[in-house]
Amino acid sequence: MREIHVSAITDAVKKLCMEANWSLEPDMLRAFDRALGTERSAAGKQVLTILKQNAEMARTRQIPYCQDTGMVICFVELGQDVHVTGGGLYDAINEGVSQGYREGYLRASIVRSPFDRVNTGDNTPAVIHVDVVPGATVRIMVMAKGGGCENRSKYTMLTPAAGLPGVKDFVIECVKNAGPDACPPLILGVGVGGTFEKSAILSKKALFRELGSPNPDPTLDALEQELLARANRLGIGPQGYGGDTTSFGIHILTYPCHITSLPVAVTIECHAHRHKEVTL
Amino acid sequence: MRTPFSDADVESLKAGDRVRISGVIYTARDAAHARLLPLIEKGEALPIDVTGQIIYYTGPSPARPGTVIGSVGPTTASRMDKFTPSLLKLGLKGTIGKGYRGQPVKDALKQYKAIYFGAIGGAGAVLSEFVRKAEVVAYEDLGTEAIRRLEVDAFPAIVLYDCHGGDLYQDGQKVYAREDPYPQGGHK
């Protein structure tokens, strides 16, 4: 049994939160460059160029890429041969969020209750998903999830008869519904199968795959490419000003489901796709 | 263009025009608007005089020591649709945000002569460069959602909706759309 003290987890989460908000990952920067090579709209190109400048300014000055520094979504793959010592795992993660947001000059965007809406002041708590996996390491994946795009995320329960065409139409309808409000170019995380809640969690986890990388399942990869091409035919474009780049990528994860069900969840992510991970 | 705006300033602008705004603008988003509305309904004075002014829908990130403001990009404007017509009626001449607005806002822009500007969503670091001064003028307890008075210099914006019914989103998207970009039954 390997022991990992909670302070190591807190320190890791703190660093991930700050760096995610200051420095876009290389997959995102490559996506901007690819889009600048294909975008025909002058307004769209200008938006993409400014967003690249924005990324560079955020990184060098250590200020957030976007003022909405998001709600922290934290996926943990906890090796079953790890013993976390010195406190609770969830408390350690939230302490990391608190330190990262306060010390990193990141915006506190979380209210303690959806009804009284009093700000917690340090962006806690995070939304935490823990999977227990074989091994003796802890993989921590953090996303700073913006609210404007999250508000356009959607779920539907299709019938098995609606099938694959129904799934495709729903995903495209979600892109239309997101429109300019969700800050395109968008990235879509799509969870298909499982149950109501399983599909939603899959839709979040799908966003952690490297943008531009193929889906390991060739059938799903072909589906992703087909949906991406169709999304980019909508003409919404960067910021909705019109253009070819409405989406940077569509990532799909699936899970077995009941004979009666076809759940589909779509998480809408903006171009401020701030994700970082570390393995302890 | 310098704030405050006159009706003539507003009438001269068309959807798609790129402008640079200098002078004073005010920040307000969901929580501040929710406090302004009851004052308007009761006919009481607002903590800011909106006549000729512009409201920027943003909640900035905290300023690092020695800087004016943190990241300061626009938030989704449609959440403020419920409040906007009554502010335009009081003489507000512009709002800055991102995303579509509802028909009542479009109608009010025509009726009261005002502009809906766009700033690039997610470009908060770049946009912070155009803010020279920032101070909280009301509702400090709301934190990032407080009303701030910003002094901006050549703040870059684009006219999304003008006061003549012009709409940059429609104009821009129809050039590139090979499938209808609007969802069945409207946006939800």
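Everything numeric in this text was worked out from a predicted model, so none of it was measured. A note on names: the letters A, B, ... follow the listed sequences, proteins ahead of strands, and every chain is numbered from 1.
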J.: So, the side chain of A:Asn54 versus the backbone of B:Val126: is there a donor-acceptor pair under 3.5 Å, distance only?
T.: yes
J.: Does the B:Lys98 side chain pair with the main chain of A:Asp181, one donor and one acceptor, at a distance under 3.5 Å?
T.: yes
J.: Measuring heavy-atom distances to chain B, does A:Gln62 have an atom under 4.5 Å in its side chain, in its backbone, in both, or in neither?
T.: both
J.: If every non-hydrogen atom of A:Pro64 is compared with every non-hydrogen atom of B:Ser71, which pair is closest and at what distance?
T.: O-OG, 2.9 Å
J.: Which one of B:Ala123, B:Ala177, B:Ser78, B:Ala31 has the most heavy-atom pairs closer than 4.5 Å to chain A?
T.: B:Ala123
J.: In the structure I gave you, are the side-chain heavy atoms of B:Thr76 and A:Asn151 within less than 4.5 Å of one another anywhere?
T.: no
J.: In terms of heavy-atom proximity below 4.5 Å to chain B, should A:Arg117 be classed as side chain, backbone, both, or neither?
T.: neither
J.: Name the region of B:Ala63, side chain, backbone, both or neither, that has any atom closer than 4.5 Å to a heavy atom of chain A.
T.: backbone
J.: Given the options B:Pro181, B:Gly16, B:Gly99, which has more heavy-atom pairs under 4.5 Å with chain A than any of the others?
T.: B:Pro181
J.: Quick one: does A:Ser109's side chain get under 4.5 Å of B:Thr144's, heavy atoms only?
T.: no
J.: Are more than 12 heavy atoms, taken from residues, nucleotides or ligands other than A:Lys176, located less than 6.0 Å from that residue's NZ atom?
T.: yes
J.: Counting heavy-atom pairs closer than 4.5 Å to chain A, which one of B:Gly59, B:Gly73, B:Gly122 comes out on top?
T.: B:Gly122
J.: Rounded to the nearest 0.5 Å, how far does CG of B:Asp171 lie from OH of A:Tyr241?
T.: 13.5 Å
J.: Give, as side chain, backbone, both or neither, the part of B:Ala15 having an atom under 4.5 angstrom from any heavy atom of chain A.
T.: neither
J.: Given side chains that start at C-beta, do those of A:Tyr105 and B:Ser61 come closer than 4.5 Å, heavy atoms only?
T.: no
J.: Can you tell me which portion of A:Ala43 sits under 4.5 Å from chain B's heavy atoms? Options are side chain, backbone, both or neither.
T.: both
J.: On a heavy-atom basis, which atom in B:Glu179 and which in A:Ile172 lie closest, and how many Å separate them?
T.: OE2-CG2, 3.9 Å
J.: Quick check on B:Gln184: does its CD atom have over 12 non-hydrogen neighbours (other residues, nucleotides or ligands) under 6.0 Å away?
T.: no
J.: In terms of heavy-atom proximity below 4.5 Å to chain B, should A:Ala231 be classed as side chain, backbone, both, or neither?
T.: neither
J.: Of the backbone (N, CA, C, O) and the side chain (C-beta and beyond), which part of B:Tyr182 lies under 4.5 Å from a heavy atom of chain A, both, or neither?
T.: backbone
J.: Quick check for you: among A:Leu106, A:Thr246, A:Val47, A:Asn177, which has the greatest number of heavy-atom pairs under 4.5 Å with chain B?
T.: A:Asn177
J.: Checking heavy atoms, do the side chain of B:Pro156, its backbone, both or neither come under 4.5 Å from chain A?
T.: neither
J.: Does A:Lys154, at its NZ atom, have more than 12 non-hydrogen atoms belonging to other residues, nucleotides or ligands within less than 6.0 Å?
T.: yes
J.: What part of B:Thr67 gets closer than 4.5 Å to chain A, counting heavy atoms only: side chain, backbone, both or neither?
T.: neither
J.: Select, from A:Cys270, A:Gly243, A:Cys183, the one with the greatest count of heavy-atom pairs under 4.5 Å involving chain B.
T.: A:Gly243
J.: For chain A, which candidate among B:Gly70, B:Ala125, B:Gly172, B:Gly186 shows the most heavy-atom pairs at distances under 4.5 Å?
T.: B:Ala125
J.: Could you work out, with side-chain contact (heavy atoms from CB on, under 4.5 Å) as the rule, every residue matching B:Ala138, not counting sequence neighbours?
T.: B:Pro47, B:Ile147
J.: Which atoms of B:Ile158 are under 4.5 Å from chain A, going by heavy atoms: the side chain, the backbone, both sets, or neither?
T.: side chain
J.: Below 4.0 angstrom, N of the basic side chain to O of the carboxylate: do A:Arg61 and B:Glu129 qualify?
T.: yes
J.: Do A:Gln67 and B:Leu127 come close enough that some side-chain heavy atom pair is under 4.5 Å?
T.: no
J.: With a sphere of 6.0 Å drawn around CD of B:Glu44, does it hold more than 12 non-hydrogen atoms of other residues, nucleotides or ligands?
T.: yes
J.: Side chain from CB out, backbone as N, CA, C, O: work out which of these in B:Val175 comes under 4.5 Å of a heavy atom of chain A, or both, or neither.
T.: neither
J.: Might you point out which heavy atoms bring A:Gly240 and B:Gln173 nearest each other, and give the distance in Å?
T.: O-NE2, 3.0 Å
J.: Ignoring hydrogens and geometry, is there a side-chain-to-backbone donor-acceptor pair from B:Arg178 to A:Leu234 under 3.5 Å?
T.: no
J.: Answer yes or no: is there a donor N or O on one side and an acceptor on the other, between the side chain of A:Asp68 and the main chain of B:Thr75, under 3.5 Å?
T.: no
J.: How far does OH of B:Tyr176 sit from CG of A:Asn232, to the nearest 0.5 angstrom?
T.: 13.5 Å
J.: Could you check whether any side-chain heavy atom of B:Tyr169 comes within less than 4.5 Å of a side-chain heavy atom of A:Ile236, counting everything from C-beta outward?
T.: no
